[in-house]
Peer 1: 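Could you have a look at this structure, given as structure tokens, before my questions?
Letters go in sequence order (proteins before strands), and every chain restarts at 1.
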There are 2 protein chains.
Amino acid sequence: MNNVRFATSVHILTLLATMKDEYLSSDFIAGSVNVNAAVIRKEISNLKACHLVDSKEGKGGGSTLARPASKIKLSEVYEAVRQVHVLGRSNTPNPRCPVGRDVNKHLESLYEDTDNYVKQKLSVITLEEFVKKFK
Amino acid sequence: MNNVRFATSVHILTLLATMKDEYLSSDFIAGSVNVNAAVIRKEISNLKACHLVDSKEGKGGGSTLARPASKIKLSEVYEAVRQVHVLGRSNTPNPRCPVGRDVNKHLESLYEDTDNYVKQKLSVITLEEFVKKFK
DNA sequence: CATACTGTAATTATTTTTATTACAGTACAA
DNA sequence: TTGTACTGTAATAAAAATAATTACAGTATG
């Protein structure tokens with residue numbers, strides 16, 4: 001996952017947790033993350049789909065956490081943004097070679113296991129705990 | 001890590017382990033992985049730098065494992081190819097925002113922890129064990 | 001109705017990743 | 001000593017992934 005989406009989502013959620021009584025606009029968030037507001041809106045759209053964020057349209061609108069930070073696990077954020085396996089992708093090897101024929105099956109299984117380890121590890125950290133570090 | 005390098009390296013090492021008495025040519029390996037031989041040579045060059053593979057130039061040359069498969073841990077392969085953190089990269093946030101100012105520090109620490117966890121998990125799997133699955 | 005927002009699509013730009021080509025250098029073996 | 005079969009590596013091009021930007025319709029508020 002050679003991208004910045006996890007960082008962006010955690011940043012957004014941290015802001016929302018820090019100012020949990022207000023609806024924050026995408027412009028405000030974009031100013032903090034230092035990216036274009038459209039990027040933030042797209043990321044928020046994804047976080048909404050994953051039930052981590054709620055938002056309100058129109059004047060005075062913006063986003064807020066869907067639940068208290070203590071109820072949001074970092075594994076949920078990870079799952080919201082993850083697109084590929086931790087260990088990467090596979091080739092399309094030659095099926096006429098005994099190794100090529102089976103390697104993806106064995107790799108996939110390793111990939112799944114490794115992804116699950118990461119999820120497990122992140123599942124014991126809440127957004128609340130992460131946000132506490134900023135004090 | 002949205003690439004195929006871990007898969008390619010594991011595939012190479014699996015072939016070398018399976019035919020451990022021969023020097024395998026990059027052409028042969030490329031045929032099994034189903035990529036260009038130059039890609040294989042580049043990956044092998046990296047595996048050599050990480051002391052996982054030895055190779056011999058000239059006619060009859062090729063590559064072989066630097067050590068028995070039982071002495072090669074998958075964490076070593078991972079470290080040989082890893083380029084970015086498991087959880088991805090960071091933004092360059094606004095330092096004038098309290099969250100923006102510190103978020104990378106906290107993210108980095110989380111990134112390190114997560115990477116280490118993955119390494120730890122992969123360190124208990126040897127190439128030998130992986131290769132056994134092909135039987 | 002003006003204003004301040006979201007939601008989303010379309011487009012472009014940038015960066016990363018992969019594939020391809022080429023060729024100098026090395027070692028074996030006839 | 002020369003042909004052959006390799007490695008090593010650089011250069012380039014192609015493809016794919018990622019990020020940035022622009023634009024604008026739709027929505028809620030006062």
Peer 1: Under 4.5 Å between side-chain heavy atoms, hopping through other hydrophobics if needed: is there a path connecting A:L122 to B:L107?
Peer 2: yes
Peer 1: Do A:K121 and B:D113 sit within salt-bridge range, that is, some charged N less than 4.0 Å from a carboxylate O?
Peer 2: no
Peer 1: C:dT18, OP1 or OP2 - any side-chain N/O from A:R89 closer than 4.0 Å?
Peer 2: yes
Peer 1: Assign A:N36 to base, sugar-phosphate, or nothing according to its heavy-atom contacts below 4.0 angstrom with the strands shown.
Peer 2: base
Peer 1: Which two nucleotides bound the region of DNA chain D that has atoms under 4.0 Å from heavy atoms of chain A, read 5' to 3'?
Peer 2: D:dT18 to D:dT29
Peer 1: Could you pick out which residue, B:A37 or A:K42, lies toward the 5' side of DNA chain C when each is mapped onto its nearest nucleotide?
Peer 2: A:K42
Peer 1: By nearest heavy atom, map A:V35 and A:E57 onto DNA chain D; which one lands nearer the 5' end?
Peer 2: A:V35
Peer 1: In the structure I gave you, are the side-chain heavy atoms of A:Y111 and A:S90 within less than 4.5 Å of one another anywhere?
Peer 2: yes
Peer 1: Between C:dT18, C:dA27, C:dT16, which nucleotide has the shortest distance from any of its atoms to the side chain of A:N2?
Peer 2: C:dT16
Peer 1: If the cut-off is 4.0 Å, is B:Q83 near the phosphate of C:dT17, judged by side-chain N/O to OP1 or OP2?
Peer 2: yes
Peer 1: Starting from P on C:dT18, measure out to CZ on B:R41 and report it in whole angstrom.
Peer 2: 18 Å
Peer 1: Give one of base, sugar-phosphate or nothing for B:E43, where a contact means two heavy atoms less than 4.0 Å apart.
Peer 2: nothing
Peer 1: When you compare the side chains of A:S63 and A:D54, does any donor N or O come within less than 3.5 Å of an acceptor on the partner?
Peer 2: no
Peer 1: Indicate whether any N or O donor in one side chain lies under 3.5 Å from an N or O acceptor in the other, for A:T114 and A:H85.
Peer 2: no
Peer 1: Between B:N3 (CG) and C:dT15 (P), how many Å, whole number?
Peer 2: 18 Å
Peer 1: Would B:K119 and B:E76 count as a salt bridge (Lys or Arg N to Asp or Glu O under 4.0 Å) here? Give the steps.
Peer 2: CA-CA 8 Å; B:K119 283 181 210 166; B:E76 296 178 89; over 6 Å; no
Peer 1: Does B:S26 reach a base, just sugar-phosphate, or nothing at all? Heavy atoms under 4.0 Å.
Peer 2: sugar-phosphate
Peer 1: Side chains of A:S55 and A:K48: do they bring a donor and an acceptor to under 3.5 Å?
Peer 2: yes
Peer 1: Nearest nucleotide by nearest heavy atom, which residue falls closer to the 5' end of DNA chain C, B:G58 or B:V84?
Peer 2: B:V84
